[in-house]
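Worksheet: one structure, shown below.
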Amino acid sequence: MKSAVETLNPTRVRLTVEVPFEELKDSLDAAYKKINQQVTVKGFRKGKIPARVIDQRFGRGAVLEEAVNDALPKFYTEAVNEAELNPLGQPEVDITELKDGETLAFTAEVDIRPAIEIPDYSGIEVTVDAVEVTDEDVEKSVEQLRERFASTNPVERPAAEGDVVTIDLQAKVDGEVLPDGVADGVSYTIGSGELLEGIDEAVTGLEAGGEATFTSQLKGGSAEGKDAEVTVKVTAVAARELPELDDDFAQMASEFDTLDELKADSRKRLENMKQYDQATQAQERVLDELLKLAEVPIPEKLLADEINTRKHNLEHHQLGQMGLDLAKYLEIQGKTEEEFDAETKEQAEKGIKTQFILDELVNKEKLNVNQEELTEHLMRRAASSGMSPDQFAQAVVEGGQVPMLVGEVARGKALAVVVEAAKVVDTNGEPVELDDESDETAETVEAASEDAPAADEQAEGKSEA
């Protein structure tokens, strides 16, 4: 077999392949055998029809077509391997010559991973937020904990903000009570904003037994989006009482004996959270700078596929679970369809560039993923998906997604190499020392790639024609 490669552009090539006819022998034998099992000829047992009879009855062309279709993937793969290409997706194959007993020639155009020159990233400098926990931050954290331990006691007075009221609701549209517009015994905290717009004003000042009517746009149900006349009746009013901030509260709400110990622990937890956020911020900003330095051409079809994948996932998975369509989502976001398309394209380009350049860095630095790293990453992904590690692992194996997970961890390690070489300072001008947590950097890579761009999936098909 002879093959040659013509570069059409930085991300697409044309393979020209010539195959001596004798190399089709195995595929021709398989074609005759397959046709033998599918047809019946009087005077011959099934499966025992001679080749010459098949040629006479069904035509040599049908046999050649079957043989070529069987052999093409093998010859294509051999040509790809010989040229050391990294194809993306399926090739466009065109048979240019087929002479019975002489030769088979074909061309195959396919997108490839572009050759990328890793830039000198040692000079990258980024600034991140300083880790600062104020007394106010600590007080707010403790107050949130205090709110969780609040109790309610019935009161005989008009309802006020912060009170918990028990209410009955009835919604009418065009004077008719909606089938799903009645709810009794609903518990609601005034000022929480968790129910209908206008309800806070309606119930404030009402005592048990009081009633009010107001107009509000319905957020869901059979008349979603319509204005409804809502009647609300207060059946009970309860005041929320917060526990005293003292050592007794600390013992009740935590494992600490004193309020000072509880506050010290809150401060430490807030510092850890801000350090994590700082590390994530550093990784994201270093990645952005790396992408600015590198020239990364993107195959047009790959980009189009990635954009379509992102739109499909948003419309049919994320928004579907929230009961929204794209038009409603854009209305809530205050975006036009053109702005949404531009943002989606920008995100898709960033995801593909991130994968390409970090994969190249993995190869250059010869980074490997060991079993422990893969297991830790799998467990974190399982936790974020709401599945048990065993369930998630089974789904990954059955879906053939193990290489994808390995790729995520490897890219995380590659980004960690770049972050380690970068100069990171906080807004106070102080140097920031970051731990080498490849799993955290893998999370940053995931955020940029959004569940791995289409390049991962298209690379799976490189051996198929």
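For the numbers below, each heavy atom of this structure counts, side chains included, while hydrogens, waters and symmetry mates do not. On a predicted model such as this, the values are computed, not experimentally measured, just so you know.
- Judged by distance alone, the side chain of K274 and the main-chain N or O of E132 form a donor-acceptor pair under 3.5 Å.
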Worked verdict on K311 versus F340 for side chain to side chain contact (heavy atoms under 4.5 Å, CB included): CA-CA 10 Å; K311 283 185 175 180; F340 169 75; 4.0 Å; yes
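- In this model, a donor atom of one side chain and an acceptor atom of the other lie less than 3.5 Å apart for D120 and S122.
- Every residue meeting the side chain to side chain contact (heavy atoms under 4.5 Å, CB included) condition with K226, not counting sequence neighbours, appears here in chain and number order: V173, A223.
- V424 and A282 get closest at one heavy-atom pair: CG1-CB, 4.1 Å.
- For the residue pair L361 and A414, the shortest heavy atom distance occurs at CD2-O, 3.5 Å.
- Remark: side-chain polar atoms of R267 are not paired, donor with acceptor, to backbone N or O of V138 under 3.5 angstrom.
- By the side chain to side chain contact (heavy atoms under 4.5 Å, CB included) test, A79 is found to be paired with M1, S3, L15, V17, residues two or more places apart in sequence or in another chain being considered.
- A distance of 10.5 Å separates CG of L326 from CD of Q333, quoted to the nearest 0.5 Å.
- Salt-bridge formation is detected for the pair E306/R310: a Lys NZ or Arg NE/NH1/NH2 atom is positioned less than 4.0 Å from an Asp or Glu carboxylate oxygen.
- Salt bridge present: E343 and K335 bring a charged side-chain N and a carboxylate O closer than 4.0 Å.
- With sequence neighbours excluded, the residues satisfying salt bridge (charged side-chain N to carboxylate O under 4.0 Å, His left out) with E92 are R12.
- In this structure, D265 contributes its side chain and E261 its backbone to no donor-acceptor pair below 3.5 Å.
- For the pair R146 and E143, the salt-bridge criterion is met [side-chain N within less than 4.0 Å of a carboxylate O].
- Counting only heavy atoms from C-beta outward, the side chains of Q217 and D227 approach each other to under 4.5 Å.
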Is there a side chain to side chain contact (heavy atoms under 4.5 Å, CB included) between E6 and T16 once you walk through the steps? CA-CA 8 Å; E6 177 188 357; T16 301; 5.6 Å; no
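- Counting heavy atoms from C-beta on, the side chains of Y76 and P87 come closer than 4.5 Å.
- Electrostatic pairing of K350 and D288 counts as a salt bridge here, judged by a charged N lying under 4.0 Å from a carboxylate O.
- Checked by atom type and distance alone, the side chain of T96 pairs as donor or acceptor with a backbone atom of A105 at under 3.5 Å.
- In the displayed structure, E117 atom CD is contacted under 6.0 Å by at most 12 heavy atoms of other residues, nucleotides or ligands.
- The shortest distance between side-chain heavy atoms of F75 and E23 falls below 4.5 Å.
- To the nearest 0.5 angstrom, L358 atom CG is 12.0 Å from E408 atom CD.
- Annotation: side-chain hydrogen bond (donor to acceptor under 3.5 Å, both in side chains) contacts involving residues 290-300, sequence neighbours excluded, comprise E289-K292.
- The main-chain N or O of E197 is found under 3.5 Å from a side-chain atom of S216 such that the two form a donor-acceptor pair.
- Here CD1 of I352 is found 8.5 Å from CG of D305. Values are rounded to the nearest 0.5 Å.
- Residues passing the salt bridge (charged side-chain N to carboxylate O under 4.0 Å, His left out) test with E147 are R240, sequence neighbours excluded.
- The closest side-chain heavy-atom distance from D277 to D129 is not below 4.5 Å.
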Where do L287 and L415 land on the side chain to side chain contact (heavy atoms under 4.5 Å, CB included) test, with the steps shown first? CA-CA 7 Å; L287 177 59; L415 179 56; 4.1 Å; yes
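- Counting heavy atoms from C-beta on, the side chains of V80 and V110 never come closer than 4.5 Å.
- Using a 4.0 Å cut-off between a side-chain N of Lys or Arg and a carboxylate O of Asp or Glu, D70 and K34 do not qualify as a salt bridge.
- For the residue pair S141 and R269, the shortest heavy atom distance occurs at OG-NH2, 3.9 Å.
- A donor and an acceptor atom, one from each side chain of Q278 and D426, are nowhere located under 3.5 Å apart.
- T134 and D137 share a side-chain donor-acceptor pair at under 3.5 Å.
- In terms of heavy atoms, L290 sits closest to V418 at CD2-CG2, 4.1 Å.
- A donor-acceptor distance shorter than 3.5 angstrom exists from the side chain of D200 to the backbone of G191, with no hydrogens or angles considered.
- In this structure, CG in D29 is found 10.5 Å from CG in L24, a value given to the nearest 0.5 Å.
- Side-chain atoms of P299 and K301, non-hydrogen and from C-beta on, never get closer than 4.5 Å to each other.
- Nearest heavy-atom pair, K99 versus F21, reported as atom, atom and distance to 0.1 Å: O-CD1, 3.5 Å.
- T127 is listed as a side-chain neighbour of T427, based on a closest heavy-atom distance under 4.5 Å.
- Note that CD of Q283 is 12.5 Å distant from CZ of R285, once rounded to the nearest 0.5 Å.
- Put simply, the side chain of E194 never gets that close to the backbone of S192: no donor and acceptor are under 3.5 Å apart.
- Between L259 and A250 the shortest heavy-atom distance is N-CB, 3.7 Å.
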Checking side chain to side chain contact (heavy atoms under 4.5 Å, CB included) for the pair L169/Y188: CA distance, chi angles, key distance, verdict? CA-CA 11 Å; L169 293 165; Y188 175 67; over 6 Å; no
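- Under the ring pair (Phe, Tyr, Trp, His ring centres under 6.0 Å) criterion, H317 pairs with H312, not counting sequence neighbours.
- Applying the side chain to side chain contact (heavy atoms under 4.5 Å, CB included) test between E349 and each of T354, I307, T344, L303 identifies L303 as the sole match.
- A distance of 5.0 Å separates CD1 of I95 from CG of L72, quoted to the nearest 0.5 Å.
- Looking at heavy atoms from C-beta onward, L405 lies in side-chain contact with H377 at the 4.5 angstrom threshold.
- The existence of a salt bridge linking D341 and K345 is excluded, since no basic side-chain nitrogen approaches an acidic carboxylate oxygen closer than 4.0 Å.
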